[in-house]
Amino acid sequence: DATTSCGVATVPADWAKPDGRTLEVWFALVPAPGGTSTGVTVPFMGGPGEAISAVAELFLALVPALPDRDMLLVDLRGNGRSGRLGCPTLDTAQWRADGQAQVDAVGRCGQEVGPRRDDYTTVGSVLDVEAIRRALNLPEPSLLGVSYGTWVVQTYAALIPDVVQAAVIDGIIPFDHDPWGRPYTDAMQRVLRLRCERTMLCDPAEADARVRA
């Protein structure tokens, strides 16, 4: 409505090189309906690749229930109004590939995008949103993540824990295929092994046994 303010922020493509190439990131700020803000709700969509501007009404429906909170909507870099990143392989596909065909298609897409794909990271997106929040002088954020957005929320909280007021993650994995979720525990065995090996913070066998138990 008339109280909403929209804008485009210019951010570094690589936050480690702030004087280099830049990207434009779209945002919209919905002020607290009650007139006084004690925080700001920042929702994140799934994908990666789903633009929050395309489904804004889903989150704007929460605004009346949160009269003392602003809401900040941001299309993450490479999504929607923030310079949508595409490639011919996927943009012109007549069907959604599955299995290895999907892996191969994503690989071709990465080759078509080229080296600039390295700038489109979750960490970069988090730093974009935090820079926008600070530039607008908004209160501490409460983060809401759906699907891939749950990873954005976790990354945000890990990078800047002192400013996060609250975090909610929803729907990180669906269990509708098997009521016991066995396909996911099978996949988790591989993921846990990789995480433990890379971080050296856990024993892969013990972690897997605890999850299965």
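For this chain, numbers begin at 1 and follow the sequence in order.
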Least distance between heavy atoms, [X] atom then [Y] atom:
X	Y	result
Trp15	Val11	CZ2-CB, 4.0 Å
Ser53	Trp26	CB-CZ3, 3.6 Å
Asp128	Arg77	OD2-NE, 2.7 Å
Cys196	Pro204	CB-CG, 3.7 Å
Val163	Pro141	O-CD, 2.9 Å
Phe59	Met71	O-CE, 3.3 Å

Can you list the steps and then say if Thr41 with Leu72 is a side-chain contact (heavy atoms from CB on, under 4.5 Å)? CA-CA 6 Å; Thr41 302; Leu72 178 64; over 6 Å; no

Quick check against the 3.5 Å criterion: does [X] have a side-chain atom that pairs as donor or acceptor with the backbone of [Y]?
X	Y	answer
Thr92	Pro88	yes
Ser37	Gly39	yes
Thr22	Thr10	no
Asp170	Val146	no

To the nearest 0.5 angstrom, please state how far the [atom1] atom of [X] sits from the [atom2] atom of [Y].
X	Y	atom1	atom2	value
Asp118	Arg116	CG	CZ	11.5 Å
Asp70	Ser5	CG	OG	9.0 Å
Leu73	Leu60	CG	CG	5.5 Å
Leu85	Leu90	CG	CG	10.5 Å
Arg195	Met200	CZ	CE	12.5 Å
Met45	Leu58	CE	CG	7.0 Å

query = Hey, is Asp91 close enough to Arg84 for a salt bridge, meaning N to O under 4.0 Å?
reply = yes

Check this for me, if you would: do Glu130 and Arg134 make a salt bridge, where the nitrogen-to-carboxylate-oxygen distance has to be below 4.0 angstrom?
yes

| task | Could you walk me through whether Phe27 and Leu136 pass the side-chain contact (heavy atoms from CB on, under 4.5 Å) test, one step at a time? | result | CA-CA 11 Å; Phe27 67 88; Leu136 296 175; 3.9 Å; yes

Partner of Val25 under side chain to side chain contact (heavy atoms under 4.5 Å, CB included), picked from Val8, Asp75, Ile132, is Ile132

side-chain contact (heavy atoms from CB on, under 4.5 Å) assessment of Leu144 paired with Leu62: CA-CA 11 Å; Leu144 168 60; Leu62 298 172; 4.0 Å; yes

same_hphob_cluster([X], [Y]) at 4.5 Å side-chain heavy-atom cutoff:
X	Y	answer
Val153	Leu159	yes
Tyr148	Val123	yes
Leu143	Leu29	yes
Ile52	Trp151	no
Val63	Val42	no

Worksheet item: Do Val126 and Val152 pass the side-chain contact (heavy atoms from CB on, under 4.5 Å) test, and can you show the C-alpha distance, the side-chain angles, and the key distance before you say yes or no?
Response: CA-CA 7 Å; Val126 166; Val152 182; 3.9 Å; yes

Side chains of [X] and [Y]: does their closest heavy-atom pair fall under 4.5 Å?
X	Y	result
Ser125	Leu127	no
Tyr120	Leu76	no
Glu50	Val55	no

Flag yes if more than 12 heavy atoms outside Arg21 fall under 6.0 Å of its CZ atom; otherwise flag no.
yes

**Message:** If only side-chain N and O atoms count, and only distance matters, is there a donor-acceptor pair under 3.5 Å linking Tyr156 with Thr122?
**Reply:** no

* Do you see a donor-acceptor pair shorter than 3.5 Å between the side chains of Arg69 and Ser142? -> yes

Practice problem: Check step by step if side chain to side chain donor-acceptor pair (under 3.5 Å) holds for Ser82 and Glu24. | Solution: CA-CA 6 Å; Ser82 296; Glu24 293 189 336; over 6 Å; no

